[in-house]
Participant: 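Have a look at the structure that comes next, please.
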Amino acid sequence: MQKLIFATNNRHKTEEIRSVLKGRFNIITLAEAGIDIDIPEPFDTLEENAKEKAITIYKLTGISCFGEDTGLETHALNGEPGVKSARYAGEERDFTANMEKLLNKLRGKADRTARFRTVISLILEGIEYQFEGICEGQIAEAPRGEKGFGYDPVFVPLRSNRTFAEMSMAEKNQYSHRGKAVERFVQFLIKI
Ligand code: IMP
């Protein structure tokens with residue numbers, strides 16, 4: 001089975017991606033590969049950050065790998081928090097503080113439409129390929145649910161009335177940006 005390193009330290013993302021892949025590829029985490037680094041996200045686009053994550057690990061290991069970067073984009077705030085989603089309320093990357101800042105900035109706004117966008121950068125034998133996944137939805141008035149991570153308690157995908165944090169991982173994957181990007185990446189890997 002093809003071995004791929006996933007350039008992340010986020011265990012939620014790893015669990016979600018493994019659940020979509022259903023054992024079709026052997027995904028190795030950074031911890032499992034014995035790599036202990038804080039992966040950089042220095043750029044202003046998801047595309048560049050995803051590539052930077054994958055290239056950093058490829059240069060260290062020489063093993064095919066992928067990185068991903070995700071942003072939450074709200075219409076009323078001109079795409080905020082976007083590529084800055086992780087550090088929206090400060091360098092501590094605090095999920096609760098980030099959600100509170102977003103809810104405060106959206107207070108009183110009629111338009112609560114938003115979307116999650118994920119970009120996966122795959123480095124296969126030194127060549128880069130990218131895959132995008134988008135999930136359209138709305139920002140809830142207040143956080144709901146205990147599951148998931150990040151902004152999940154305030155994001156309600158289109159055609160649902162529950163937040164991602166109120167869904168099982170399998171159900172979130174059916175709607176989610178990451179689920180869609182991973183499906184594209186799998187179809188590509190199956191074809192080549
Ligand atoms: P990054 O891709 O790790 O930089 O994530 C950017 C920010 O978006 C972080 O605050 C994450 O917690 C959050 N985030 C990324 N993916 C998701 C998701 O699927 N649900 C909710 N929040 C997410």
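Below, each value reflects all heavy atoms present in this structure, side chains not excepted, and no hydrogens, waters or symmetry copies. Nothing fancy with the numbering, it's 1 onward along the sequence.
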Participant: Measuring from Ile63:CD1 to Leu124:CG, what's the distance to the nearest 0.5 Å?
Facilitator: 13.0 Å
Participant: Is there a path of hydrophobic side-chain contacts, each under 4.5 Å between heavy atoms of I/L/V/M/F/W/Y residues, joining Ile120 to Ile190?
Facilitator: yes
Participant: Just by modelled atom types, is the Val156 backbone N or O under 3.5 Å from a matching donor or acceptor in the Arg162 side chain?
Facilitator: no
Participant: Mind checking side chain to side chain donor-acceptor pair (under 3.5 Å) for Lys105 and listing every partner two or more places apart, or none if nothing turns up?
Facilitator: Glu80
Participant: Is it true that atom CD of Glu125 has more than 12 heavy atoms of other residues, nucleotides or ligands lying nearer than 6.0 Å?
Facilitator: no
Participant: Please tell me whether Leu21 and Ile5 are part of a single hydrophobic cluster in this structure, the criterion being side-chain heavy atoms less than 4.5 Å apart.
Facilitator: no
Participant: Less than 4.0 Å between a side-chain N and a carboxylate O, is that true for Glu47 and Lys51?
Facilitator: no
Participant: Give the intermediate values and the outcome of side chain to side chain donor-acceptor pair (under 3.5 Å) for residues Ser19 and Glu16.
Facilitator: CA-CA 5 Å; Ser19 139; Glu16 282 184 15; over 6 Å; no
Participant: Would you please classify the geometry between the Phe95 ring and the Phe149 ring as parallel, tilted or perpendicular, with 30° and 60° separating the classes?
Facilitator: tilted
Participant: Indicate whether any N or O donor in one side chain lies under 3.5 Å from an N or O acceptor in the other, for Asp111 and Thr113.
Facilitator: yes
Participant: First locate atom CG of Asp36, then atom CG of Leu30, and finally report the distance between them rounded to the nearest 0.5 Å.
Facilitator: 9.0 Å
Participant: Scan for side chain to side chain donor-acceptor pair (under 3.5 Å) pairs involving residues 131-143, sequence neighbours excluded, and state none if there are none.
Facilitator: Arg117-Glu132
Participant: Using the side chain to side chain contact (heavy atoms under 4.5 Å, CB included) rule, take Thr8 and Ile39 through it: C-alpha gap first, then chi angles, then the decisive distance, then the call.
Facilitator: CA-CA 7 Å; Thr8 188; Ile39 308 223; over 6 Å; no
Participant: Find out whether Tyr151 and Tyr88 are in side-chain contact, i.e. whether some heavy atom of one side chain is under 4.5 Å from a heavy atom of the other.
Facilitator: yes
Participant: Got a second to check how far Lys3's NZ is from Ile28's CD1, nearest 0.5 Å?
Facilitator: 5.0 Å
Participant: Would a distance-only check, ignoring hydrogens and angles, find a side-chain to backbone donor-acceptor pair under 3.5 Å from Asn98 to Ala89?
Facilitator: yes
Participant: Which pair of heavy atoms, one from Met167 and one from Pro157, lies closest together, and at what distance?
Facilitator: CE-CG, 3.7 Å
Participant: Restricting to non-hydrogen atoms, name the atom on Ala142 and the atom on Leu103 that form the minimum distance, rounded to 0.1 Å.
Facilitator: CA-CD1, 4.2 Å
Participant: With no hydrogens and no angle check, do the side chains of Thr29 and Thr14 hold a donor and an acceptor under 3.5 Å apart?
Facilitator: no
Participant: Quick one: CZ on Phe155 to OG1 on Thr74, what's the gap to the nearest 0.5 Å?
Facilitator: 11.0 Å
Participant: May I ask you to decide whether Arg18 forms a salt bridge with Glu32, counting only side-chain N to carboxylate O separations under 4.0 Å?
Facilitator: yes
Participant: Charged N to carboxylate O below 4.0 Å: is that the case for Arg87 and Glu92?
Facilitator: no
Participant: Decide side chain to side chain contact (heavy atoms under 4.5 Å, CB included) for Ile37 and Thr56; before the verdict, give the C-alpha distance in whole Å, the side-chain angles of both, and the deciding distance to 0.1 Å.
Facilitator: CA-CA 10 Å; Ile37 56 168; Thr56 301; 3.9 Å; yes
Participant: Indicate the atoms forming the closest heavy-atom contact of Gly67 with Ala7, along with that distance.
Facilitator: CA-CB, 4.2 Å
Participant: Other residues, nucleotides and ligands only: do more than 12 of their heavy atoms fall within 6.0 Å of CG on Asn104?
Facilitator: yes
Participant: With under 30° as parallel and over 60° as perpendicular, where do the rings of Phe116 and Phe164 fit, or are they tilted in between?
Facilitator: parallel
Participant: Rounded at 0.5 Å granularity, tell me how far CG in Leu189 sits from CG in Leu122.
Facilitator: 5.5 Å
Participant: When you group the ILVMFWY residues by side-chain heavy-atom contacts below 4.5 Å and let the links chain together, are Phe25 and Ile192 in the same group?
Facilitator: yes
Participant: Assigning hydrophobic clusters by single linkage (Ile, Leu, Val, Met, Phe, Trp, Tyr; side-chain heavy-atom cutoff under 4.5 Å), is Leu77 placed with Met99?
Facilitator: yes
Participant: Check whether any side-chain heavy atom of Val154 lies under 4.5 Å from a side-chain heavy atom of Thr163, and answer yes or no.
Facilitator: no
Participant: So, the side chain of Asn49 versus the backbone of Leu46: is there a donor-acceptor pair under 3.5 Å, distance only?
Facilitator: no
Participant: When you compare the side chain of Asp69 with that of Thr45, does any pair of heavy atoms fall below 4.5 Å?
Facilitator: no
Participant: Would Lys147 and Glu166 count as a salt bridge (charged side-chain N to carboxylate O under 4.0 Å, His left out) if you check the C-alpha gap in whole Å, the side-chain angles of each, and the deciding distance to 0.1 Å?
Facilitator: CA-CA 6 Å; Lys147 301 189 186 79; Glu166 294 176 302; over 6 Å; no
Participant: How about Phe6 and Lys13: do any of their side-chain heavy atoms sit closer than 4.5 Å?
Facilitator: yes
Participant: Assess whether atom NE2 of His12 is packed by more than 12 heavy atoms of other residues, nucleotides or ligands within 6.0 Å.
Facilitator: yes
Participant: Which pairs count as salt bridge (charged side-chain N to carboxylate O under 4.0 Å, His left out) when at least one residue sits in residues 182-192, sequence neighbours excluded?
Facilitator: Arg24-Glu183
Participant: Could you check whether any side-chain N or O of Ser85 sits under 3.5 Å from a backbone N or O of Gly82, counting only pairs where one atom can act as donor and the other as acceptor?
Facilitator: yes
Participant: Do Lys180 and Val182 pass the side chain to side chain contact (heavy atoms under 4.5 Å, CB included) test, and can you show the C-alpha distance, the side-chain angles, and the key distance before you say yes or no?
Facilitator: CA-CA 5 Å; Lys180 288 175 186 155; Val182 172; over 6 Å; no
Participant: Among Arg178, Lys172, Arg144, find the residue that satisfies the salt bridge (Lys or Arg N to Asp or Glu O under 4.0 Å) test when tested with Asp152.
Facilitator: Lys172
Participant: Determine whether Val20 and Val186 fall in the same hydrophobic cluster, where Ile, Leu, Val, Met, Phe, Trp and Tyr are linked whenever their side-chain heavy atoms lie under 4.5 Å apart.
Facilitator: yes
Participant: Examine distances only and state if a side-chain atom of Lys53 and a backbone atom of Phe66 form a donor-acceptor pair shorter than 3.5 Å.
Facilitator: no
Participant: If we ignore hydrogens and angles and just use 3.5 Å, is the side chain of Ser121 paired with the main-chain N or O of Gln130 as donor and acceptor?
Facilitator: no
Participant: Please report the interatomic distance CG(Leu4) to SG(Cys65), rounded to the nearest 0.5 Å.
Facilitator: 8.0 Å
Participant: Could you tell me which non-hydrogen atom of Pro42 sits nearest to which non-hydrogen atom of Glu52, and how far apart they are?
Facilitator: CD-CG, 4.0 Å
